[in-house]
Amino acid sequence: MPRHVLITGGAGFIGAHVASRLLAAGTAVRLFDVLHPQVHDAPGRPSYLPADAELVVGDVRDPAAVRSALRGADAVIHLAARVGVAQSMYDLAEYSGTNALGTATLLQELVDSSVERLLVASSMSIYGEGRYVDVAGRCHEDVTRSRVQVEAGRWDPVGADGAPLTPVATPESKTPRAHSAYALDKYYQERMCLTFGQTYKLPTTALRLFNVYGPYQALSNPYTGVLANFATRLLNGRAPLIFEDGNQRRDFVNVHDAARAFELALDSPGAVGRAINIGSGRSLSVREAATRLASVLDRSELGVEVTGRHRVGDIRHCFADVSVAQELLGYRPETDLDQGLRELADWLEGRVAVDGLEQMAADLAGRGLTV
């Protein structure tokens, strides 16, 4: 285990959980974060950060700030990124500036650093649609939905012959087909870090995170994870807002499992040079996720609000094959969804969240980004 780890974007909810695990293992942790107001709606150090973690406020695009944050670190976990598929489709310069330029700035500063290990948070979004099979059992990996199709409300992808396809778990071998600016940025982050690691002989691993949820998520950011958005609506006495028909399937992985994956990857020589799925290994429809969270929060009477509209950049089905993570990291998801939702509900109790979901939907529609 490294002695001193720098976590970029470390004041976010994933970074906070990773920091807690590393500190418990006796590792010194420095968190580097710009504390963007869209994520952190209160000024100053977030209260949920572990007290023993050093926090340095700075922008990952600033070479001097990055250079200073790297001093003394022998490993880096690179989480810094603007997140959200929908917003990335209209705020392109900001997203690429943080995600692509920020990563390049970090790597430039790593050239002359003493860092011995690099992990980067990639994303399931790089796959685009997940893997599908047809009735004959043949795999289909280059699946897309046309604008005409989604405008007609035909949500599920079909084969070239129009025959139905069945979604199956997506392995790392599937060719990426990014459908959004955010997905392209994450793929850049992943490939740039792995290429840099190979070039400079810096052991590097990319973890392709699926839909991470849990305590400390930014509830007032409408472009954050879908379960956080559902929680925000429910806390405000409103039905969860669901795009398309709600039957799109995702892999919801608890933040404790995601944090453990980063800890395992720091010490895994077999993971060097690899991109690895980190998910629960199970799929769930978005509608069922909403209803199960509502049940845990005793808000089932609110039902769900299905928009019947598609957000440009969204995909239909994608969930993880985690066998590589099991083999290379010894990773096993330990938190089932009901347990994770109960913990999330406990954390949500008494919290205030600003519901910006309807405004977000209106903003996207005004830009022609929903159909």
Rounded distance [0.5 Å steps], [atom1] in [X] versus [atom2] in [Y]:
| X | Y | atom1 | atom2 | result |
| --- | --- | --- | --- | --- |
| Q198 | C193 | CD | SG | 13.5 Å |
| Q248 | R287 | CD | CZ | 9.0 Å |
| R191 | T103 | CZ | OG1 | 13.5 Å |
| E305 | E358 | CD | CD | 6.0 Å |
| L165 | R138 | CG | CZ | 10.0 Å |
| K174 | R131 | NZ | CZ | 9.0 Å |

Tell me yes or no: between the side chains of [X] and [Y], is some donor less than 3.5 Å from an acceptor?
| X | Y | answer |
| --- | --- | --- |
| D185 | Q189 | no |
| N277 | Y127 | yes |
| N247 | H317 | no |
| T232 | R238 | no |

Between [X] and [Y], is there a donor-acceptor pair closer than 3.5 Å when you use the side chain of the first and the backbone of the second?
| X | Y | result |
| --- | --- | --- |
| T98 | E94 | yes |
| R309 | F243 | no |
| R299 | L234 | yes |
| T8 | A80 | yes |
| N221 | V39 | no |
| R233 | A239 | yes |
| D355 | N236 | no |
| R274 | G270 | no |
| R260 | R332 | yes |
| S88 | V85 | yes |

Flag side-chain contact, heavy atom, 4.5 Å: [X] against [Y]:
| X | Y | result |
| --- | --- | --- |
| V226 | Y213 | no |
| L207 | F262 | yes |
| I278 | Y331 | yes |
| F32 | V66 | yes |
| I77 | V5 | yes |
| Q108 | P63 | no |
| I315 | V143 | no |
| W155 | R316 | yes |

Looking at [X] and [Y], what are the two nearest heavy atoms and their distance?
| X | Y | value |
| --- | --- | --- |
| V115 | A75 | CG1-CA, 4.0 Å |
| A11 | H40 | O-CE1, 3.1 Å |
| G10 | L49 | O-CD2, 4.0 Å |
| S220 | V354 | OG-N, 3.0 Å |
| G15 | I7 | O-CD1, 4.0 Å |
| R82 | N99 | N-OD1, 2.7 Å |

Should [X] and [Y] be counted in the same cluster of Ile, Leu, Val, Met, Phe, Trp and Tyr side chains packed under 4.5 Å apart?
| X | Y | value |
| --- | --- | --- |
| Y223 | L79 | no |
| L118 | L264 | no |
| L293 | V306 | yes |
| L35 | V56 | no |
| V57 | L70 | no |

**Request:** Using ring pair (Phe, Tyr, Trp, His ring centres under 6.0 Å) as the criterion, list what pairs up with H17, not counting sequence neighbours.
**Result:** Y216, H256
**Prompt:** Got more than 12 heavy atoms from elsewhere within 6.0 Å of CD, E349?
**Reply:**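 Counting other residues, nucleotides and ligands, CD of E349 stays at 12 neighbours or fewer.
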**Request:** Assess whether atom OH of Y200 is packed by more than 12 heavy atoms of other residues, nucleotides or ligands within 6.0 Å.
**Result:**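 12 or below, so no.
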**Request:** May I ask you to decide whether R30 forms a salt bridge with E54, counting only side-chain N to carboxylate O separations under 4.0 Å?
**Result:**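 Counted as a salt bridge, because a side-chain N and a carboxylate O are separated by less than 4.0 Å.
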**Asked** Between E172 and R208, is there a side-chain N and carboxylate O pair less than 4.0 Å apart?
**Response** no
**Prompt:** Given H310, which of Q149, R145, E151 fulfils the side-chain contact (heavy atoms from CB on, under 4.5 Å) condition?
**Reply:** R145
**Asked** Hey, mind stepping through T205 and R117 against side chain to side chain donor-acceptor pair (under 3.5 Å) and telling me if it holds?
**Response** CA-CA 9 Å; T205 302; R117 193 74 168 91; 3.1 Å; yes
